[in-house]
Amino acid sequence: MSKALQSRKNRSILNVNTAQDATSQVSLFCLPFAGGSAQYYKSWGQEDLGPLSAYAIELPGRGFRLRDPLVADLHDLIHALTDTLSNTLTPPFALFGHSLGALLAFEVTRALEKSGGPLPVHLFLSACRAPHVPRRIRPWHDLPEDDLIAKVVKLNGTSPESLEDPDIRAMMIPVFRTDFRLGEEYNYVPLAPIKIPISVFGGTSDPLVQPEELKAWSEHTSDFRGCHLFPGGHFYLNTHASDVISTIRAGLASDLAPDSPPKVSNAL
């Protein structure tokens with residue numbers, strides 16, 4: 001772990017580890033979903049992380065960055081995230097992102113690759129269709145407020161009770177609209193596949209992302225490690241975090257093994 005991550009001055013990264021393990025071999029940085037906060041990953045510190053040290057990145061306008069303005073331009077957000085990672089870590093590290101967070105992890109990796117910055121040893125992408133796959137679902141960011149809240153609640157990623165509180169609802173509506181717009185207006189720019197392993201995860205009954213859309217990530221890397229499906233919907237991760245972490249640990253064990261050749265996953 002870098003000295004910068006140990007500093008209290010870092011306002012974008014939450015250390016979710018319950019205890020610092022001196023034997024940690026790799027840092028895992030987790031990016032949240034649309035409307036999500038770094039706090040979502042806090043429970044991962046209770047899991048058996050093995051050689052991992054886990055950190056969650058907080059996006060502006062929520063959580064402990066509530067006073068920071070929301071970022072409505074994807075390029076600006078990618079630049080800010082890339083700058084944060086470039087200046088706060090030392091390899092080896094990996095990235096995990098769920099839904100919008102997966103798209104951010106991918107684009108941050110491409111930006112780091114372009115700039116010659118430090119690169120992750122592995123990308124773990126969850127509940128997000130491959131970037132070249134056309135969107136099948138009508139945009140949500142401009143829905144009437146009640147309709148937007150109904151869509152969010154149905155995904156089971158946000159507590160319905162919390163959104164019944166007028167103050168919380170008023171605070172979260174701009175976050176939802178901004179984040180959904182980032183993903184919905186994203187324009188994929190074709191580039192050569194990255195030379196970094198990608199593993200993808202998803203729920204078997206996710207209404208937003210189909211298995212074939214997950215498997216299409218294979219077109220964006222020279223080392224695709226497979227598609228891992230778990231029972232559940234878009235937020236299958238709520239009940240299968242332990243399984244996902246176990247899969248991440250196995251993937252990183254392969255990546256960090258001396259002179260380890262690329263592995264072909266038996267996943268779907």
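- Summarising the geometry of A38 relative to F64, their closest heavy-atom pair is CB-CE2, 4.2 Å, with the distance given to 0.1 Å.
- Using a 4.5 Å heavy-atom cutoff, the side chains of S12 and R65 are in contact.
- Under a cut-off of 6.0 angstrom, the local environment of NE2 in H141 is crowded, with over 12 non-hydrogen atoms contributed by other residues, nucleotides or ligands.
- Side-chain contact between V121 and P91 is absent, with no heavy-atom pair separated by less than 4.5 Å.
- When the shell of 6.0 Å around CZ of R138 is examined, it contains more than 12 heavy atoms from other residues, nucleotides or ligands.
- For the pair D68 and E58, the minimum side-chain heavy-atom distance is 4.5 Å or more.
- From F176, atom CZ reaches atom NZ of K151 across 14.5 Å, with rounding to the nearest 0.5 Å.
- Taking the side chain as every heavy atom from C-beta outward, F29 and V108 never approach each other to under 4.5 Å.
- I137 and V133 fall into different hydrophobic clusters, where Ile, Leu, Val, Met, Phe, Trp and Tyr are joined by side-chain heavy atoms under 4.5 Å apart, directly or via other members.
- Going from atom OH of Y41 over to atom CD of E47 covers 13.5 Å, rounded to the nearest 0.5 Å.
- Between P120 and T109, the closest heavy-atom pair is CG-OG1, 3.6 Å.
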Inset, instruction - Give the C-alpha distance, both sets of side-chain angles, the deciding distance and a yes or no for side chain to side chain contact (heavy atoms under 4.5 Å, CB included) between V152 and F180. - result: CA-CA 11 Å; V152 170; F180 286 136; 3.9 Å; yes
Distance-only donor-acceptor hits, side chain of residues 93-105, under 3.5 Å, sequence neighbours excluded:
unit_1: H98; atom_1: ND1; unit_2: S126; atom_2: OG; d: 2.7
unit_1: H98; atom_1: NE2; unit_2: H234; atom_2: O; d: 3.1
unit_1: S99; atom_1: OG; unit_2: H234; atom_2: NE2; d: 2.9

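- Between V244 and I248, the closest side-chain pair of non-hydrogen atoms falls below 4.5 Å.
- A distance of 5.0 Å separates CG in L148 from CD1 in I173, rounded to the nearest 0.5 Å.
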Inset, instruction - Step by step, work out the side chain to side chain contact (heavy atoms under 4.5 Å, CB included) result for L81 and L59. - result: CA-CA 9 Å; L81 290 170; L59 302 182; 3.9 Å; yes
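- Between the side chain of N238 and the backbone N or O of N156 there is at least one donor-acceptor pair closer than 3.5 Å.
- Distance CG/D206 to CZ/F230: 13.5 Å, rounded to 0.5 Å.
- By the side-chain contact (heavy atoms from CB on, under 4.5 Å) test, Q39 is found to be paired with L14, S37, K42, residues two or more places apart in sequence or in another chain being considered.
- The closest side-chain heavy-atom distance from L85 to I57 is below 4.5 Å.
- Checked against side-chain contact (heavy atoms from CB on, under 4.5 Å), E107 has the following partners two or more places apart in sequence or in another chain: I78, R110, Y186.
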Inset, instruction - Test side chain to side chain contact (heavy atoms under 4.5 Å, CB included) on L208 and L155 and set out the steps. - result: CA-CA 9 Å; L208 303 185; L155 289 180; 3.9 Å; yes
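- Contact record, R129 with V209: N-CG1, 3.7 Å, taken as the closest heavy-atom pair.
- In this structure, the side chain of T84 engages the main chain of A80 through a donor-acceptor pair within 3.5 Å.
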Atom pairs and distances, side-chain donor-acceptor, residues 187-205, under 3.5 Å, sequence neighbours left out:
unit_1: Y188; atom_1: OH; unit_2: H220; atom_2: ND1; d: 3.3
unit_1: S199; atom_1: OG; unit_2: H122; atom_2: NE2; d: 2.8
unit_1: S205; atom_1: OG; unit_2: G232; atom_2: O; d: 2.9

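- With contacts defined as side-chain heavy-atom distances shorter than 4.5 Å, the pair D243/H228 does not qualify.
- Residues satisfying the side-chain contact (heavy atoms from CB on, under 4.5 Å) criterion with D165, sequence neighbours excluded, are D167, I168.
- Q46 is linked by a side-chain contact (heavy atoms from CB on, under 4.5 Å) to T18, counting only residues two or more places apart in sequence or in another chain.
- Pairing each heavy atom of G157 with each of F33, the nearest pair is O-CZ, 4.2 Å.
- Summarising the geometry of S53 relative to N17, their closest heavy-atom pair is CA-OD1, 3.5 Å, with the distance given to 0.1 Å.
- Between L229 atom CG and Y236 atom OH the span is 9.0 Å, to the nearest 0.5 Å.
- Side chain of Y40 to main chain of L31: no donor-acceptor pair is present (N/O by atom type, distance under 3.5 Å, no hydrogens or angles).
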Inset, instruction - Carefully, step by step, assess V175 and L70 under the rule side chain to side chain contact (heavy atoms under 4.5 Å, CB included). - result: CA-CA 7 Å; V175 179; L70 291 164; 4.0 Å; yes
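- The CG atom of D179 lies 13.0 Å from the CH2 atom of W140; values are rounded to the nearest 0.5 Å.
- At least one donor-acceptor pair closer than 3.5 Å links the side chain of E213 to the backbone N or O of Q210.
- Within the 3.5 Å criterion, the main-chain N or O of P51 finds no donor-acceptor partner in the side chain of R249.
- Counting heavy atoms from C-beta outward, R225 and D255 have side chains that approach closer than 4.5 Å.
- In this structure, G35 and M172 approach most closely via the heavy-atom pair O-CE, 3.3 Å.
- Formation of a donor-acceptor pair under 3.5 Å by the R181 side chain with backbone atoms of D73 is not found in this model.
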